[in-house]
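Single-structure report; data block below.
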Amino acid sequence: MGRGKIEIKRIENPTQRQGTFYKRRDGLFKKARELSVLCDVELLLLLFSSSGKIYEYHAPSVHSVKEFVQRYEAATQTTILRDHCKEINSERAKMEKSCEQMEKEIRIMTVDETENYTVPSLEALERNLEAAMERVRKEMEHKINREINYLENVVRERQEEGYSLCDKLSHVQTINDIAGASASVNHDHDLDLKLGFN
């Protein structure tokens, strides 16, 4: 009996999602290896996990990823590596600016008892702390709601499994009752036959 089709959608449970990722990744790499060997093709397969970790597979004939990408660039008249470097540098600049801003906010939020603060600076500090607390509350509510939704789905699935098992049990009981009644009728019929012959 074959497996039923599964609905292709994001897996909500992080543990199941990670397990499925590893299984599917291994299957994909196996198919890539088979394609490379059977059809004598050069291929490169890159995967980034949700955590940003990179996994790669390249055919034995591909000596380096960089060389392969350069060949792709030449064939398609694109500039992946240079564009990617620009993106990385731009992202790095944004991150550095964000870090500087966060360090500045942290310095503002740290109350030094030896410092002589003005009332407006303390009010600004209070507003910053309230805004930070609000962000933390929202994130916490979001995570709690996600966990509640996950647990509700688990409960619903278990209830459906329970209903399905009850239906199966009821069906089996009905079959047993019919079989028992049939055996009883046959036994009574056999007795009638034996009594008739005696």
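We're numbering straight along the sequence, starting at 1. Owing to the predicted nature of the structure, the values given are computational and were not obtained by experimental measurement.
Ion pairing between a basic and an acidic side chain is recognised when a charged N comes within 4.0 Å of a carboxylate O; Lys143 and Glu139 show such pairing. Using a 4.0 Å cut-off between charged side-chain N and carboxylate O, Glu130 and Arg127 make no salt bridge. The existence of a salt bridge linking Arg71 and Glu42 is confirmed by a sub-4.0 Å separation between a basic side-chain nitrogen and an acidic carboxylate oxygen.
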Check step by step if salt bridge (charged side-chain N to carboxylate O under 4.0 Å, His left out) holds for Arg137 and Glu134.
CA-CA 5 Å; Arg137 280 192 203 100; Glu134 186 60 30; 3.6 Å; yes
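Rounded to the nearest 0.5 angstrom, Lys23 NZ and Asp26 CG are separated by 10.5 Å. In this structure, CD on Glu56 lies 8.0 Å from CZ on Phe29, to the nearest 0.5 angstrom. Distance CG/Leu38 to CZ/Arg33: 11.0 Å, rounded to 0.5 Å. Taken to the nearest 0.5 Å, the CG atom of Asp40 stands 10.5 Å off from the CG atom of Leu35. Put simply, CD on Gln18 and CZ on Arg25 are 10.0 Å apart, with the number rounded to the nearest 0.5 Å.
Between Ser36 and Tyr57 the shortest side-chain heavy-atom distance falls below 4.5 Å. At least one side-chain heavy atom of Ile54 sits less than 4.5 Å from a side-chain heavy atom of Leu46. At a threshold of 4.5 Å between non-hydrogen side-chain atoms, the residues Val69 and Leu44 count as touching. Taking the side chain as every heavy atom from C-beta outward, His58 and Leu45 never approach each other to under 4.5 Å.
Looking only at distances, no side-chain donor or acceptor of Ser98 sits under 3.5 Å from a matching main-chain atom of Lys94. In terms of modelled atom types and a separation under 3.5 Å, the side chain of Thr20 and the main chain of Gln16 share a donor-acceptor contact.
Linking Ile, Leu, Val, Met, Phe, Trp and Tyr residues whenever their side-chain heavy atoms come within less than 4.5 Å places Leu47 and Leu43 in a single cluster. Under a hydrophobic clustering in which Ile, Leu, Val, Met, Phe, Trp and Tyr are joined whenever their side-chain heavy atoms come within less than 4.5 Å, directly or via other members, Phe68 and Phe48 fall into the same cluster. Linking ILVMFWY side-chain heavy atoms closer than 4.5 Å, directly or via other members, places Val41 and Tyr72 in two distinct hydrophobic clusters.
The aromatic rings of Tyr22 and Tyr55 sit perpendicular, their planes meeting at an angle over 60°, well past the 30° parallel limit.
In this structure, Ile11 and Arg17 approach most closely via the heavy-atom pair O-NH1, 2.5 Å.
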